[in-house]
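Working notes, structure below.
What you see is a predicted model; the values in this text were computed from it and never measured. Counting from 1, the numbers follow the sequence of the chain as shown. Atoms within a ligand are numbered from 1 in the order they appear, just like the ligands themselves.
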Amino acid sequence: MKQWIALATLAAVSAGAYAQAFPGNKPVAIVVPFAAGGPTDRVARDLAEAMRKQIPGSNFVVENTVGAGGTIGANRVAKAAPDGHTLLLFHIGMAATPALYRKLSYKPLEDFEYLGMVNDVPMTLVGKPQLPANTYRDFENYIRANAGKLNIAHAGLGSASHICGLLWQTNLQSKEAMTTIPFGGTGPAMTALIGGQVDMMCDQTTSTTAQIEGGRIKAFAVTTAKPLSNHPVLKHYPSLQEMGMKNFNLTIWHGLYAPKGTPPAVTKMLNDALKKVLKDSEFVKKNENLGALVVTDNRTDPAEHKKFVAAEMLKIKAAVDAAGKYAD
Ligand code: MLT
């Protein structure tokens, strides 16, 4: 019996010692499963800066691991050493990709420790600057007049931009489907849009707000149920619901994850720091300036975060199975 107590004590001490030592002088990588310059990357860089403030001496960095709608990056973290030095920032794709990729190389609910949710980000329907339309109605009429000739960019099957584009086109009931052009993220897609190489895209306000304000792209609508009437730039655009798309209401949630088996003392430290970040006025303001809202409800608790993702997975799987279209 004494041996067990000694072992248990040793384990507790070593876990506590590990947590005290964490993160030490080794960087903490926040893996973004999309290319640099996109909305997920934007949130991750602001999060890394804010987390550094909450854990003195820490060095949170962002690493982009691209491909397959974010599943390559998610798999990297699922298989990473569970030491707290490799985290994942992933959005609705965490729940959408298991429905689309039937041979997914990881299990979203079993292979990760859930560290809490970060923010909810609206999306915008945007077009290249040369598009001959200035209102949403013009935009729709132009699409109908050019059925089968236009293309829409996204960040890979299962990405937020892909999901939004699918939902919107289903509601549009356009005669012919548009050509879809995948990118490693909506960062590079935005460059192509600004350059006129692609016609349109549905992308998150964390990426589009600055481009709209700078007049480098055209905006036509937002995907939230109601217009973003409090935002100085985004308030000028109607919601798709106002434009007749009943029940269209899409915002992109983002969550933070670590590999399964990361020590509880470390996951608690990371979740505690995240909760303080979500109350950090500078981080909150950065989100608001880009049309995003930090999470203030119980989804910041790991257990509630996991419950939320599990429910989203069921919802999205039902829709994907009904459509019968898969990524693999
Ligand atoms: C998405 O479309 O899923 C994201 O916007 C991709 C990205 O962050 O680049």
What atoms in ligand 1 come closer than 4.0 Å to a heavy atom of [X]?
| X | answer |
| --- | --- |
| Ala155 | 1 (C), 2 (O), 6 (C) |
| His91 | 1 (C), 3 (O), 4 (C) |
| Ser161 | 1 (C), 2 (O), 3 (O) |
| Gly185 | 9 (O) |
| Asp203 | 5 (O) |
| Gln204 | 4 (C), 5 (O) |
| Ser159 | 1 (C), 2 (O), 3 (O) |

Between the main-chain N or O of Thr300 and the side-chain N or O of Asn271, is there a donor-acceptor pair closer than 3.5 Å?
yes
Please report whether the ring centroid of His305 lies less than 6.0 Å from that of Phe112.
no
Taking the six-membered ring for Trp, are the ring centroids of Tyr257 and Tyr114 within less than 6.0 Å of each other?
yes
Side chains of Val121 and Arg42: does their closest heavy-atom pair fall under 4.5 Å?
no
Any side-chain donor near an acceptor of the partner, Asp46 and Asn287, under 3.5 Å
no
Assess the side chains of Thr65 and Arg76: does a donor N or O sit below 3.5 Å from an acceptor N or O?
yes
Test side chain to side chain contact (heavy atoms under 4.5 Å, CB included) applied to Met245 and Leu172, step by step
CA-CA 8 Å; Met245 292 192 173; Leu172 199 60; 3.9 Å; yes
Backbone or side-chain N or O of Ala160 under 3.5 Å from ligand 1 N or O
yes
Gly93 near ligand 1, heavy-atom distance under 4.0 Å?
no
Does at least one non-hydrogen atom of His154 fall below 4.0 angstrom from an atom of ligand 1?
no
Residue, atom name and distance, where the atom is the protein heavy atom closest to atom 8 (O) of ligand 1
Thr40 OG1, 2.6 Å
Nearest protein heavy atom to atom 9 (O) of ligand 1, by residue and atom, and its distance?
Thr186 N, 2.8 Å
Positive for side chain to side chain contact (heavy atoms under 4.5 Å, CB included) with Thr205, one of Ile212, Leu234, Thr223, Val222
Leu234
